[in-house]
Number of protein chains: 2
Amino acid sequence: MIGTGLEREVTRRSGVALWRQIADQIRQAISSGALGADGRLPPELALSERFGVNRHTVRSAIAALVQEGVLRAEQGRGTFVETRRRLSYPIAARTRFSEGLEGQARDRHSILLSHAVGPASSRVSEALGLPQDAPVLRLETMGEADGRPVSRATSFFDASCFAGFENAFARTGSITAALWEFGVPDYVRRSTLVSARHADSADLADLRLSPGAIVLVTVAINETLGGSPLQFSETRFAADRVELSVSGRA
Amino acid sequence: MIGTGLEREVTRRSGVALWRQIADQIRQAISSGALGADGRLPPELALSERFGVNRHTVRSAIAALVQEGVLRAEQGRGTFVETRRRLSYPIAARTRFSEGLEGQARDRHSILLSHAVGPASSRVSEALGLPQDAPVLRLETMGEADGRPVSRATSFFDASCFAGFENAFARTGSITAALWEFGVPDYVRRSTLVSARHADSADLADLRLSPGAIVLVTVAINETLGGSPLQFSETRFAADRVELSVSGRA
DNA sequence: TAATATTTGTGCGTATGTATG
DNA sequence: CCATACATACGCACAAATATT
(Lines give C-alpha, C1' and ligand atoms only; values in the text may rest on other atoms or scores of the structure.)
Protein backbone atom coordinates (compact mmCIF):
# COMPACT_ATOMS: atom_id res chain seq x y z
CA MET A 1 0.00 0.00 0.00
CA ILE A 2 3.09 2.25 0.01
CA GLY A 3 3.69 4.42 -3.02
CA THR A 4 0.23 3.83 -4.45
CA GLY A 5 -0.68 7.51 -4.43
CA LEU A 6 -3.35 6.82 -1.82
CA GLU A 7 -1.61 8.58 1.05
CA ARG A 8 -4.27 11.25 1.62
CA GLU A 9 -6.64 10.92 4.54
CA VAL A 10 -10.41 11.13 4.16
CA THR A 11 -12.28 13.90 5.96
CA ARG A 12 -15.65 13.34 7.60
CA ARG A 13 -18.37 15.99 7.80
CA SER A 14 -16.63 17.96 5.03
CA GLY A 15 -19.66 18.07 2.75
CA VAL A 16 -18.03 15.51 0.45
CA ALA A 17 -19.09 11.89 0.91
CA LEU A 18 -16.34 9.50 1.94
CA TRP A 19 -16.95 7.24 -1.06
CA ARG A 20 -16.47 10.23 -3.37
CA GLN A 21 -13.24 11.32 -1.66
CA ILE A 22 -11.92 7.78 -2.01
CA ALA A 23 -13.03 7.57 -5.64
CA ASP A 24 -11.29 10.88 -6.37
CA GLN A 25 -8.08 9.64 -4.80
CA ILE A 26 -8.12 6.37 -6.70
CA ARG A 27 -8.84 8.18 -9.98
CA GLN A 28 -6.03 10.62 -9.30
CA ALA A 29 -3.57 7.89 -8.29
CA ILE A 30 -4.33 6.05 -11.51
CA SER A 31 -4.01 9.08 -13.77
CA SER A 32 -0.70 10.04 -12.13
CA GLY A 33 0.59 6.54 -12.72
CA ALA A 34 1.16 5.83 -9.02
CA LEU A 35 -1.54 3.17 -8.98
CA GLY A 36 -2.44 0.52 -11.46
CA ALA A 37 1.03 0.09 -12.94
CA ASP A 38 0.29 -3.62 -12.65
CA GLY A 39 -3.26 -2.97 -13.81
CA ARG A 40 -4.62 -4.18 -10.48
CA LEU A 41 -6.35 -2.34 -7.64
CA PRO A 42 -5.61 -3.48 -4.05
CA PRO A 43 -8.43 -5.66 -2.58
CA GLU A 44 -11.43 -3.89 -1.08
CA LEU A 45 -10.53 -5.04 2.44
CA ALA A 46 -7.03 -3.59 2.18
CA LEU A 47 -8.41 -0.29 0.88
CA SER A 48 -11.03 -0.09 3.63
CA GLU A 49 -8.34 -0.64 6.28
CA ARG A 50 -6.06 1.89 4.62
CA PHE A 51 -8.78 4.59 4.65
CA GLY A 52 -10.32 3.56 7.95
CA VAL A 53 -13.77 3.08 6.46
CA ASN A 54 -16.19 0.24 5.97
CA ARG A 55 -15.78 -2.03 2.97
CA HIS A 56 -19.19 -0.87 1.71
CA THR A 57 -17.83 2.65 1.46
CA VAL A 58 -14.87 1.52 -0.63
CA ARG A 59 -17.30 -0.48 -2.76
CA SER A 60 -19.36 2.67 -3.41
CA ALA A 61 -16.22 4.44 -4.58
CA ILE A 62 -15.28 1.53 -6.85
CA ALA A 63 -18.83 1.33 -8.23
CA ALA A 64 -18.67 4.99 -9.23
CA LEU A 65 -15.34 4.46 -11.00
CA VAL A 66 -16.66 1.36 -12.76
CA GLN A 67 -19.58 3.48 -13.95
CA GLU A 68 -17.09 6.08 -15.20
CA GLY A 69 -15.16 3.44 -17.06
CA VAL A 70 -12.01 3.91 -15.00
CA LEU A 71 -12.15 0.48 -13.32
CA ARG A 72 -13.47 -2.99 -14.11
CA ALA A 73 -14.43 -5.41 -11.28
CA GLU A 74 -14.47 -9.18 -11.67
CA GLN A 75 -16.00 -11.35 -8.98
CA GLY A 76 -13.45 -13.58 -7.32
CA ARG A 77 -10.54 -12.15 -9.30
CA GLY A 78 -10.16 -8.53 -8.33
CA THR A 79 -10.62 -5.00 -9.62
CA PHE A 80 -8.61 -3.80 -12.57
CA VAL A 81 -7.65 -0.52 -14.15
CA GLU A 82 -9.04 0.27 -17.60
CA THR A 83 -5.94 1.91 -19.00
CA ARG A 84 -6.29 4.82 -21.35
CA ARG A 85 -3.46 7.20 -21.94
CA ARG A 86 -3.91 10.95 -21.70
CA LEU A 87 -3.75 12.88 -24.94
CA SER A 88 -1.20 15.66 -25.20
CA TYR A 89 -2.62 18.69 -27.00
CA PRO A 90 0.06 21.09 -28.27
CA ILE A 91 -0.38 24.84 -27.85
CA ALA A 92 1.90 26.59 -30.32
CA ALA A 93 1.96 29.26 -33.00
CA ARG A 94 0.07 26.92 -35.31
CA THR A 95 -2.43 25.17 -33.09
CA ARG A 96 -4.62 22.80 -35.11
CA PHE A 97 -6.92 20.19 -33.57
CA SER A 98 -6.41 17.29 -35.93
CA GLU A 99 -2.70 17.86 -36.59
CA GLY A 100 -2.00 18.32 -32.91
CA LEU A 101 -3.33 14.87 -32.03
CA GLU A 102 -1.64 13.17 -34.97
CA GLY A 103 -0.06 9.90 -33.88
CA GLN A 104 -2.11 9.86 -30.66
CA ALA A 105 -5.43 8.82 -32.16
CA ARG A 106 -6.34 7.32 -35.49
CA ASP A 107 -9.60 9.19 -36.03
CA ARG A 108 -9.59 12.89 -35.15
CA HIS A 109 -12.27 15.31 -36.22
CA SER A 110 -14.48 18.16 -35.11
CA ILE A 111 -18.27 18.23 -35.21
CA LEU A 112 -20.54 21.26 -35.57
CA LEU A 113 -23.17 21.16 -32.85
CA SER A 114 -24.91 24.43 -33.61
CA HIS A 115 -24.36 27.92 -34.98
CA ALA A 116 -25.94 31.33 -34.67
CA VAL A 117 -25.41 34.94 -35.67
CA GLY A 118 -25.89 37.69 -33.15
CA PRO A 119 -24.44 40.89 -31.70
CA ALA A 120 -20.97 40.59 -30.18
CA SER A 121 -20.52 40.89 -26.43
CA SER A 122 -17.91 43.39 -25.29
CA ARG A 123 -15.38 40.61 -24.73
CA VAL A 124 -15.86 39.18 -28.21
CA SER A 125 -15.96 42.51 -30.06
CA GLU A 126 -12.80 43.62 -28.28
CA ALA A 127 -10.96 40.39 -29.16
CA LEU A 128 -11.99 40.54 -32.82
CA GLY A 129 -11.41 44.27 -33.13
CA LEU A 130 -15.03 44.94 -34.09
CA PRO A 131 -17.42 47.66 -32.95
CA GLN A 132 -19.62 46.70 -30.01
CA ASP A 133 -22.73 44.72 -31.05
CA ALA A 134 -21.30 44.05 -34.53
CA PRO A 135 -22.81 40.80 -35.92
CA VAL A 136 -20.67 37.75 -35.16
CA LEU A 137 -21.03 34.10 -36.08
CA ARG A 138 -20.91 31.74 -33.12
CA LEU A 139 -19.99 28.08 -33.65
CA GLU A 140 -20.50 25.42 -31.00
CA THR A 141 -18.17 22.55 -31.84
CA MET A 142 -16.85 19.36 -30.35
CA GLY A 143 -13.52 17.65 -30.91
CA GLU A 144 -13.38 13.86 -30.86
CA ALA A 145 -10.49 11.41 -30.96
CA ASP A 146 -11.29 7.78 -31.76
CA GLY A 147 -14.92 8.40 -30.90
CA ARG A 148 -14.16 9.85 -27.48
CA PRO A 149 -15.13 13.46 -26.82
CA VAL A 150 -12.00 15.48 -26.06
CA SER A 151 -12.91 19.14 -26.27
CA ARG A 152 -15.91 21.42 -26.53
CA ALA A 153 -15.40 24.83 -28.08
CA THR A 154 -17.34 28.04 -28.58
CA SER A 155 -15.87 30.12 -31.41
CA PHE A 156 -16.68 33.57 -32.76
CA PHE A 157 -15.99 35.00 -36.24
CA ASP A 158 -16.78 38.31 -37.91
CA ALA A 159 -20.16 37.54 -39.52
CA SER A 160 -19.65 40.12 -42.27
CA CYS A 161 -16.55 38.32 -43.54
CA PHE A 162 -17.54 34.72 -42.88
CA ALA A 163 -21.19 34.37 -43.90
CA GLY A 164 -21.90 30.68 -44.48
CA PHE A 165 -18.71 29.64 -42.74
CA GLU A 166 -20.66 27.07 -40.71
CA ASN A 167 -21.40 25.08 -43.87
CA ALA A 168 -17.75 24.92 -44.84
CA PHE A 169 -16.87 23.80 -41.34
CA ALA A 170 -19.63 21.20 -41.12
CA ARG A 171 -18.55 19.77 -44.47
CA THR A 172 -14.80 19.67 -43.79
CA GLY A 173 -14.82 19.10 -40.04
CA SER A 174 -11.90 21.49 -39.76
CA ILE A 175 -11.51 25.20 -39.00
CA THR A 176 -8.29 25.25 -41.00
CA ALA A 177 -9.91 23.75 -44.12
CA ALA A 178 -12.96 26.00 -43.82
CA LEU A 179 -10.82 29.11 -43.47
CA TRP A 180 -8.90 28.04 -46.59
CA GLU A 181 -12.16 28.04 -48.53
CA PHE A 182 -12.74 31.59 -47.36
CA GLY A 183 -9.38 32.70 -48.69
CA VAL A 184 -7.36 32.41 -45.47
CA PRO A 185 -4.34 30.29 -46.38
CA ASP A 186 -2.74 30.38 -42.94
CA TYR A 187 -3.30 31.74 -39.45
CA VAL A 188 -1.43 31.86 -36.16
CA ARG A 189 -2.22 31.93 -32.46
CA ARG A 190 -1.99 35.45 -31.02
CA SER A 191 -2.72 34.63 -27.37
CA THR A 192 -3.84 31.79 -25.14
CA LEU A 193 -5.13 32.01 -21.58
CA VAL A 194 -5.34 28.75 -19.66
CA SER A 195 -7.51 28.21 -16.61
CA ALA A 196 -9.34 25.34 -14.96
CA ARG A 197 -12.75 24.90 -13.34
CA HIS A 198 -15.43 22.35 -12.66
CA ALA A 199 -17.37 21.34 -15.76
CA ASP A 200 -20.80 22.93 -16.06
CA SER A 201 -23.85 20.79 -16.78
CA ALA A 202 -23.73 21.38 -20.54
CA ASP A 203 -20.07 20.37 -20.84
CA LEU A 204 -20.73 17.47 -18.48
CA ALA A 205 -23.27 16.11 -20.93
CA ASP A 206 -21.38 16.88 -24.16
CA LEU A 207 -18.03 15.56 -22.97
CA ARG A 208 -19.68 12.64 -21.16
CA LEU A 209 -18.08 13.47 -17.81
CA SER A 210 -19.20 12.61 -14.31
CA PRO A 211 -20.31 15.34 -11.88
CA GLY A 212 -17.39 17.12 -10.28
CA ALA A 213 -15.15 16.59 -13.31
CA ILE A 214 -12.62 19.25 -14.20
CA VAL A 215 -12.19 21.06 -17.50
CA LEU A 216 -9.09 22.85 -18.73
CA VAL A 217 -10.24 26.07 -20.38
CA THR A 218 -8.29 27.89 -23.06
CA VAL A 219 -9.37 31.32 -24.27
CA ALA A 220 -7.56 32.01 -27.51
CA ILE A 221 -7.33 34.49 -30.36
CA ASN A 222 -6.19 33.39 -33.81
CA GLU A 223 -5.09 35.99 -36.33
CA THR A 224 -3.90 36.23 -39.93
CA LEU A 225 -0.21 36.41 -40.72
CA GLY A 226 -0.83 40.13 -41.15
CA GLY A 227 -2.03 40.38 -37.56
CA SER A 228 -5.77 40.81 -38.10
CA PRO A 229 -7.91 38.91 -35.57
CA LEU A 230 -9.82 36.02 -37.17
CA GLN A 231 -11.27 33.84 -34.46
CA PHE A 232 -12.01 34.17 -30.77
CA SER A 233 -12.59 30.88 -28.99
CA GLU A 234 -13.16 29.33 -25.59
CA THR A 235 -12.33 25.62 -25.52
CA ARG A 236 -13.04 23.24 -22.65
CA PHE A 237 -10.88 20.10 -22.50
CA ALA A 238 -11.75 17.12 -20.30
CA ALA A 239 -8.88 17.39 -17.81
CA ASP A 240 -8.74 13.65 -17.15
CA ARG A 241 -8.24 12.92 -20.85
CA VAL A 242 -6.04 15.77 -22.04
CA GLU A 243 -2.99 17.73 -21.01
CA LEU A 244 -1.77 20.83 -22.82
CA SER A 245 1.75 20.90 -24.14
CA VAL A 246 3.17 24.41 -24.46
CA SER A 247 5.97 24.55 -26.97
CA GLY A 248 9.20 25.70 -25.39
CA ARG A 249 11.48 28.55 -26.40
CA ALA A 250 8.64 30.85 -27.35
CA MET B 1 -30.10 36.14 -12.18
CA ILE B 2 -28.98 35.97 -15.84
CA GLY B 3 -25.25 36.11 -16.54
CA THR B 4 -24.27 35.64 -12.92
CA GLY B 5 -22.22 32.53 -13.60
CA LEU B 6 -24.71 30.48 -11.59
CA GLU B 7 -26.17 28.60 -14.54
CA ARG B 8 -25.09 25.12 -13.45
CA GLU B 9 -27.67 22.83 -11.92
CA VAL B 10 -27.11 21.13 -8.60
CA THR B 11 -27.07 17.34 -8.59
CA ARG B 12 -28.63 15.29 -5.84
CA ARG B 13 -27.22 11.92 -4.79
CA SER B 14 -23.89 12.88 -6.40
CA GLY B 15 -21.85 12.41 -3.24
CA VAL B 16 -21.37 16.15 -2.93
CA ALA B 17 -23.70 17.98 -0.55
CA LEU B 18 -25.96 20.56 -2.19
CA TRP B 19 -24.63 23.35 0.02
CA ARG B 20 -21.10 22.54 -1.13
CA GLN B 21 -22.07 22.46 -4.82
CA ILE B 22 -23.75 25.84 -4.42
CA ALA B 23 -20.77 27.24 -2.49
CA ASP B 24 -18.41 25.99 -5.21
CA GLN B 25 -20.51 27.65 -7.91
CA ILE B 26 -20.71 30.96 -6.08
CA ARG B 27 -16.95 30.90 -5.43
CA GLN B 28 -16.28 30.08 -9.08
CA ALA B 29 -18.69 32.72 -10.37
CA ILE B 30 -16.99 35.32 -8.20
CA SER B 31 -13.45 34.37 -9.23
CA SER B 32 -14.44 34.38 -12.91
CA GLY B 33 -15.88 37.86 -12.48
CA ALA B 34 -19.40 36.88 -13.53
CA LEU B 35 -20.76 37.53 -10.07
CA GLY B 36 -20.05 40.28 -7.63
CA ALA B 37 -19.28 42.95 -10.23
CA ASP B 38 -21.49 45.16 -8.06
CA GLY B 39 -19.99 43.59 -4.94
CA ARG B 40 -23.36 42.19 -3.98
CA LEU B 41 -24.71 38.63 -3.81
CA PRO B 42 -28.38 38.06 -4.80
CA PRO B 43 -30.71 37.60 -1.80
CA GLU B 44 -30.90 34.14 -0.25
CA LEU B 45 -34.49 33.69 -1.40
CA ALA B 46 -33.58 34.40 -5.02
CA LEU B 47 -30.68 31.98 -4.83
CA SER B 48 -32.80 29.24 -3.26
CA GLU B 49 -35.39 29.61 -6.04
CA ARG B 50 -32.68 29.63 -8.71
CA PHE B 51 -31.15 26.37 -7.44
CA GLY B 52 -34.43 24.74 -6.48
CA VAL B 53 -33.34 24.18 -2.89
CA ASN B 54 -34.46 25.33 0.51
CA ARG B 55 -33.19 28.63 1.84
CA HIS B 56 -31.48 26.69 4.66
CA THR B 57 -29.26 25.05 2.07
CA VAL B 58 -28.25 28.35 0.51
CA ARG B 59 -27.48 29.67 3.98
CA SER B 60 -25.15 26.72 4.61
CA ALA B 61 -23.30 27.52 1.38
CA ILE B 62 -23.00 31.21 2.27
CA ALA B 63 -21.84 30.38 5.81
CA ALA B 64 -19.04 28.25 4.39
CA LEU B 65 -17.93 31.05 2.06
CA VAL B 66 -18.06 33.61 4.87
CA GLN B 67 -15.83 31.27 6.88
CA GLU B 68 -13.45 31.09 3.89
CA GLY B 69 -13.34 34.86 3.64
CA VAL B 70 -14.91 34.96 0.18
CA LEU B 71 -18.15 36.60 1.33
CA ARG B 72 -19.23 38.95 4.09
CA ALA B 73 -22.84 38.88 5.35
CA GLU B 74 -24.44 41.89 7.02
CA GLN B 75 -27.76 41.47 8.79
CA GLY B 76 -30.52 43.46 7.15
CA ARG B 77 -28.26 44.73 4.33
CA GLY B 78 -27.22 41.72 2.32
CA THR B 79 -24.26 39.54 1.49
CA PHE B 80 -21.21 41.07 -0.16
CA VAL B 81 -18.23 39.85 -2.10
CA GLU B 82 -14.72 40.33 -0.73
CA THR B 83 -13.26 41.16 -4.14
CA ARG B 84 -9.90 39.92 -5.29
CA ARG B 85 -8.91 39.66 -8.95
CA ARG B 86 -7.32 36.61 -10.58
CA LEU B 87 -3.61 36.79 -11.31
CA SER B 88 -2.35 36.10 -14.84
CA TYR B 89 0.86 34.07 -14.79
CA PRO B 90 2.81 34.22 -18.08
CA ILE B 91 4.33 31.05 -19.55
CA ALA B 92 7.06 32.03 -21.99
CA ALA B 93 10.67 31.37 -22.93
CA ARG B 94 11.76 33.27 -19.84
CA THR B 95 9.28 32.27 -17.18
CA ARG B 96 10.15 33.91 -13.85
CA PHE B 97 7.82 33.98 -10.84
CA SER B 98 8.42 37.48 -9.54
CA GLU B 99 8.80 39.18 -12.93
CA GLY B 100 5.74 37.42 -14.28
CA LEU B 101 3.47 38.89 -11.64
CA GLU B 102 4.97 42.38 -11.84
CA GLY B 103 2.27 45.00 -11.83
CA GLN B 104 -0.31 42.52 -10.49
CA ALA B 105 0.91 42.40 -6.90
CA ARG B 106 3.20 44.65 -4.90
CA ASP B 107 4.94 41.94 -2.92
CA ARG B 108 5.96 38.81 -4.83
CA HIS B 109 8.41 36.25 -3.49
CA SER B 110 9.07 32.54 -3.09
CA ILE B 111 9.62 30.70 0.18
CA LEU B 112 11.66 27.57 0.76
CA LEU B 113 9.55 25.05 2.68
CA SER B 114 12.00 22.16 2.75
CA HIS B 115 14.81 20.52 0.82
CA ALA B 116 16.40 17.12 0.53
CA VAL B 117 18.95 15.20 -1.51
CA GLY B 118 18.12 11.75 -2.78
CA PRO B 119 18.27 9.40 -5.76
CA ALA B 120 16.41 10.59 -8.85
CA SER B 121 13.26 8.81 -9.95
CA SER B 122 13.18 7.71 -13.57
CA ARG B 123 11.04 10.70 -14.54
CA VAL B 124 13.43 13.18 -12.92
CA SER B 125 16.65 11.56 -14.13
CA GLU B 126 15.27 11.44 -17.66
CA ALA B 127 14.26 15.10 -17.60
CA LEU B 128 17.62 16.24 -16.23
CA GLY B 129 19.64 13.92 -18.46
CA LEU B 130 21.20 12.15 -15.48
CA PRO B 131 21.82 8.44 -14.87
CA GLN B 132 19.06 6.67 -12.94
CA ASP B 133 19.36 7.11 -9.16
CA ALA B 134 21.88 9.96 -9.56
CA PRO B 135 21.68 12.27 -6.52
CA VAL B 136 19.31 15.19 -7.03
CA LEU B 137 18.37 18.15 -4.85
CA ARG B 138 14.64 18.51 -4.27
CA LEU B 139 13.23 21.90 -3.26
CA GLU B 140 9.71 22.34 -1.94
CA THR B 141 8.79 25.98 -2.46
CA MET B 142 5.78 28.26 -2.32
CA GLY B 143 5.06 31.38 -4.32
CA GLU B 144 3.19 34.21 -2.63
CA ALA B 145 1.73 37.46 -3.94
CA ASP B 146 0.77 40.12 -1.38
CA GLY B 147 0.79 37.47 1.33
CA ARG B 148 -1.59 35.16 -0.53
CA PRO B 149 -0.30 31.71 -1.51
CA VAL B 150 -0.37 31.41 -5.30
CA SER B 151 1.69 28.40 -6.24
CA ARG B 152 3.34 25.39 -4.67
CA ALA B 153 6.31 23.88 -6.51
CA THR B 154 8.52 20.80 -6.29
CA SER B 155 11.81 21.35 -8.13
CA PHE B 156 14.75 19.06 -8.87
CA PHE B 157 18.36 20.00 -9.63
CA ASP B 158 21.52 17.98 -10.26
CA ALA B 159 22.93 17.67 -6.72
CA SER B 160 26.50 17.33 -7.97
CA CYS B 161 26.37 20.78 -9.62
CA PHE B 162 24.15 22.63 -7.15
CA ALA B 163 25.30 21.59 -3.67
CA GLY B 164 24.10 24.23 -1.22
CA PHE B 165 21.69 25.71 -3.74
CA GLU B 166 18.94 25.68 -1.12
CA ASN B 167 20.79 28.29 0.94
CA ALA B 168 21.13 30.64 -2.01
CA PHE B 169 17.43 30.21 -2.76
CA ALA B 170 16.32 30.66 0.83
CA ARG B 171 18.39 33.86 1.09
CA THR B 172 17.32 35.43 -2.21
CA GLY B 173 13.78 34.03 -2.48
CA SER B 174 14.36 33.57 -6.20
CA ILE B 175 15.46 30.68 -8.42
CA THR B 176 16.84 33.14 -10.94
CA ALA B 177 19.01 34.95 -8.36
CA ALA B 178 20.19 31.69 -6.82
CA LEU B 179 21.16 30.27 -10.22
CA TRP B 180 23.10 33.48 -10.91
CA GLU B 181 25.16 32.83 -7.80
CA PHE B 182 25.95 29.38 -9.16
CA GLY B 183 27.25 30.81 -12.40
CA VAL B 184 24.10 30.49 -14.48
CA PRO B 185 23.50 33.95 -15.98
CA ASP B 186 20.38 33.01 -17.92
CA TYR B 187 18.07 30.07 -18.59
CA VAL B 188 15.06 29.33 -20.76
CA ARG B 189 11.97 27.14 -20.66
CA ARG B 190 12.41 23.98 -22.74
CA SER B 191 8.95 22.50 -22.27
CA THR B 192 5.77 22.98 -20.27
CA LEU B 193 2.95 20.49 -19.80
CA VAL B 194 -0.28 21.86 -18.35
CA SER B 195 -2.91 19.74 -16.68
CA ALA B 196 -5.53 20.17 -13.97
CA ARG B 197 -6.73 18.05 -11.07
CA HIS B 198 -8.24 18.28 -7.61
CA ALA B 199 -5.82 19.57 -4.99
CA ASP B 200 -4.38 16.90 -2.73
CA SER B 201 -4.41 17.35 1.03
CA ALA B 202 -0.87 18.75 1.19
CA ASP B 203 -1.56 21.41 -1.44
CA LEU B 204 -4.93 22.07 0.17
CA ALA B 205 -3.14 23.02 3.38
CA ASP B 206 -0.22 24.91 1.83
CA LEU B 207 -2.31 26.95 -0.58
CA ARG B 208 -5.10 27.39 1.98
CA LEU B 209 -7.77 25.94 -0.29
CA SER B 210 -11.06 24.30 0.60
CA PRO B 211 -11.67 20.60 -0.13
CA GLY B 212 -12.57 19.98 -3.76
CA ALA B 213 -10.51 22.93 -4.99
CA ILE B 214 -8.75 22.65 -8.35
CA VAL B 215 -5.07 23.13 -9.08
CA LEU B 216 -3.50 23.92 -12.43
CA VAL B 217 -0.38 21.79 -12.72
CA THR B 218 2.60 22.71 -14.87
CA VAL B 219 5.43 20.22 -15.39
CA ALA B 220 8.37 22.14 -16.81
CA ILE B 221 12.01 21.78 -17.76
CA ASN B 222 14.34 24.78 -17.71
CA GLU B 223 17.65 24.60 -19.52
CA THR B 224 20.75 26.72 -20.11
CA LEU B 225 21.09 28.73 -23.29
CA GLY B 226 23.34 25.90 -24.46
CA GLY B 227 20.48 23.44 -24.08
CA SER B 228 21.61 21.55 -20.97
CA PRO B 229 18.75 20.74 -18.59
CA LEU B 230 18.94 22.69 -15.32
CA GLN B 231 15.70 22.30 -13.44
CA PHE B 232 12.74 19.94 -13.50
CA SER B 233 9.68 21.23 -11.70
CA GLU B 234 6.05 20.49 -10.98
CA THR B 235 4.10 23.57 -9.94
CA ARG B 236 0.55 23.59 -8.59
CA PHE B 237 -1.38 26.87 -9.01
CA ALA B 238 -4.62 27.56 -7.15
CA ALA B 239 -6.99 27.55 -10.13
CA ASP B 240 -9.40 30.04 -8.59
CA ARG B 241 -6.63 32.60 -8.09
CA VAL B 242 -4.46 32.16 -11.17
CA GLU B 243 -4.75 31.73 -14.92
CA LEU B 244 -1.82 30.91 -17.19
CA SER B 245 -1.04 33.20 -20.08
CA VAL B 246 0.77 31.46 -22.94
CA SER B 247 2.69 33.92 -25.06
CA GLY B 248 1.52 33.81 -28.66
CA ARG B 249 3.56 33.37 -31.85
CA ALA B 250 5.87 30.75 -30.38
C1' DT C 1 -9.18 -33.67 -7.83
C1' DA C 2 -10.33 -31.75 -3.42
C1' DA C 3 -9.93 -28.59 0.25
C1' DT C 4 -8.93 -23.93 1.59
C1' DA C 5 -8.05 -19.06 1.06
C1' DT C 6 -8.93 -14.88 -1.36
C1' DT C 7 -11.84 -11.62 -3.47
C1' DT C 8 -16.03 -9.61 -5.14
C1' DG C 9 -21.29 -9.49 -4.68
C1' DT C 10 -25.52 -9.17 -1.76
C1' DG C 11 -28.72 -8.46 2.16
C1' DC C 12 -30.21 -6.33 6.44
C1' DG C 13 -30.42 -3.57 10.65
C1' DT C 14 -28.83 0.65 12.75
C1' DA C 15 -26.87 5.24 13.46
C1' DT C 16 -25.83 9.68 11.70
C1' DG C 17 -25.80 13.52 8.30
C1' DT C 18 -28.34 16.32 5.01
C1' DA C 19 -32.39 18.68 3.25
C1' DT C 20 -37.19 19.85 3.44
C1' DG C 21 -41.36 22.29 5.17
C1' DC D 1 -36.84 24.37 16.79
C1' DC D 2 -39.15 20.20 15.30
C1' DA D 3 -40.87 16.26 12.53
C1' DT D 4 -40.08 13.83 8.39
C1' DA D 5 -37.60 11.78 4.43
C1' DC D 6 -33.67 10.29 2.29
C1' DA D 7 -28.60 9.64 1.63
C1' DT D 8 -24.52 8.16 3.76
C1' DA D 9 -21.73 5.06 6.54
C1' DC D 10 -21.15 1.15 9.55
C1' DG D 11 -21.08 -3.78 11.12
C1' DC D 12 -22.05 -8.38 10.41
C1' DA D 13 -23.11 -12.41 7.77
C1' DC D 14 -23.07 -15.16 3.85
C1' DA D 15 -23.08 -16.31 -1.29
C1' DA D 16 -20.52 -16.72 -5.66
C1' DA D 17 -16.45 -16.81 -8.45
C1' DT D 18 -11.72 -17.42 -8.68
C1' DA D 19 -7.00 -18.59 -6.98
C1' DT D 20 -3.93 -21.33 -4.26
C1' DT D 21 -2.36 -25.36 -1.89
Side-chain angles (χ1 to χ4, degrees), chain A residues 1-2 4 6 8-27 29-30 35-83 198 201 204 210-213, chain B residues 6 8-27 41-68 71 73 75 79 198 201 210-212:
Chain A
M1 197 65 59
I2 301 294
T4 57
L6 300 177
R8 275 162 58 199
E9 298 305 318
V10 288
T11 312
R12 290 161 199 267
R13 287 177 296 283
S14 66
V16 181
L18 296 183
W19 66 263
R20 175 165 282 280
Q21 294 182 53
I22 293 168
D24 288 343
Q25 274 201 55
I26 293 174
R27 194 191 303 103
I30 290 170
L35 194 63
D38 59 346
R40 187 187 194 81
L41 201 72
E44 295 170 353
L45 190 63
L47 289 172
S48 68
E49 286 170 354
R50 154 65 192 86
F51 288 113
V53 302
N54 193 274
R55 193 169 73 96
H56 282 305
T57 310
V58 170
R59 284 180 56 73
S60 296
I62 291 173
L65 293 173
V66 167
Q67 184 66 27
E68 269 180 53
V70 174
L71 295 177
R72 167 179 41 89
E74 296 182 29
Q75 189 171 12
R77 296 207 339 118
T79 305
F80 304 89
V81 178
E82 295 277 21
T83 40
H198 287 107
S201 58
L204 230 46
S210 56
Chain B
L6 300 177
R8 277 162 57 200
E9 298 304 317
V10 288
T11 313
R12 290 159 200 265
R13 289 178 295 282
S14 67
V16 180
L18 295 183
W19 65 264
R20 176 163 285 281
Q21 294 183 52
I22 293 168
D24 288 343
Q25 274 201 56
I26 293 175
R27 192 192 305 103
L41 201 71
E44 293 172 357
L45 188 62
L47 289 171
S48 68
E49 285 169 356
R50 154 64 193 87
F51 287 113
V53 301
N54 195 278
R55 194 168 74 96
H56 286 141
T57 311
V58 170
R59 285 181 57 77
S60 298
I62 290 174
L65 292 172
V66 167
Q67 182 66 26
E68 267 182 53
L71 294 179
Q75 192 170 38
T79 305
H198 288 108
S201 60
S210 57

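Order of the sequence lines sets the chain letters (A, B, ...), proteins ahead of strands, with each chain counted from 1.
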**Q** Taking R40(A) for its side chain and G78(A) for its backbone only, find out whether a donor-acceptor pair lies under 3.5 Å.
**A** no

**Q** What nucleotide, of dT10(C), dT20(C), dA9(D), holds the atom closest to the side chain of N54(B)?
**A** dT20(C)

**Q** Of all the choices, dT8(D), dC10(D), dT20(C), which nucleotide is nearest to the side chain of R12(A) once you look at every atom?
**A** dC10(D)

**Q** Where the side chain of T57(B) is concerned, which of dA19(C), dC10(D), dT8(D) is the nearest nucleotide?
**A** dA19(C)

**Q** How would you list, by chain and number, every residue that makes a side chain to side chain contact (heavy atoms under 4.5 Å, CB included) with A23(A), sequence neighbours excluded?
**A** A61(A), L65(A)

**Q** List for me each residue that meets salt bridge (Lys or Arg N to Asp or Glu O under 4.0 Å) alongside E74(A), sequence neighbours excluded, and say none if there are none.
**A** R72(A), R77(A)

**Q** Minimum heavy-atom separation for F51(A) to I22(A), with atom names?
**A** CE1-CG2, 3.7 Å

**Q** Distance check needed: dA9(D) P versus R20(A) CZ, whole Å only.
**A** 11 Å

**Q** Rounded to whole Å, how long is the line connecting atom CZ of F51(B) with atom P of dA19(C)?
**A** 13 Å

**Q** Mark yes or no for whether Q21(A), through its side chain, and T11(A), through its backbone, hold a donor-acceptor pair below 3.5 Å.
**A** yes

**Q** Whole angstrom is fine here: how far is it from NE2 in H56(A) over to C1' in dT16(C)?
**A** 16 Å

**Q** What one-letter contact string describes nucleotides 2-8 of chain C from 5' to 3', where B marks a base within less than 4.0 Å of any protein heavy atom, S marks contact via sugar-phosphate atoms alone, and - marks no contact?
**A** -----BB

**Q** According to side chain to side chain donor-acceptor pair (under 3.5 Å), who are the partners of N54(B), at least two apart in sequence or on a separate chain?
**A** H56(B)

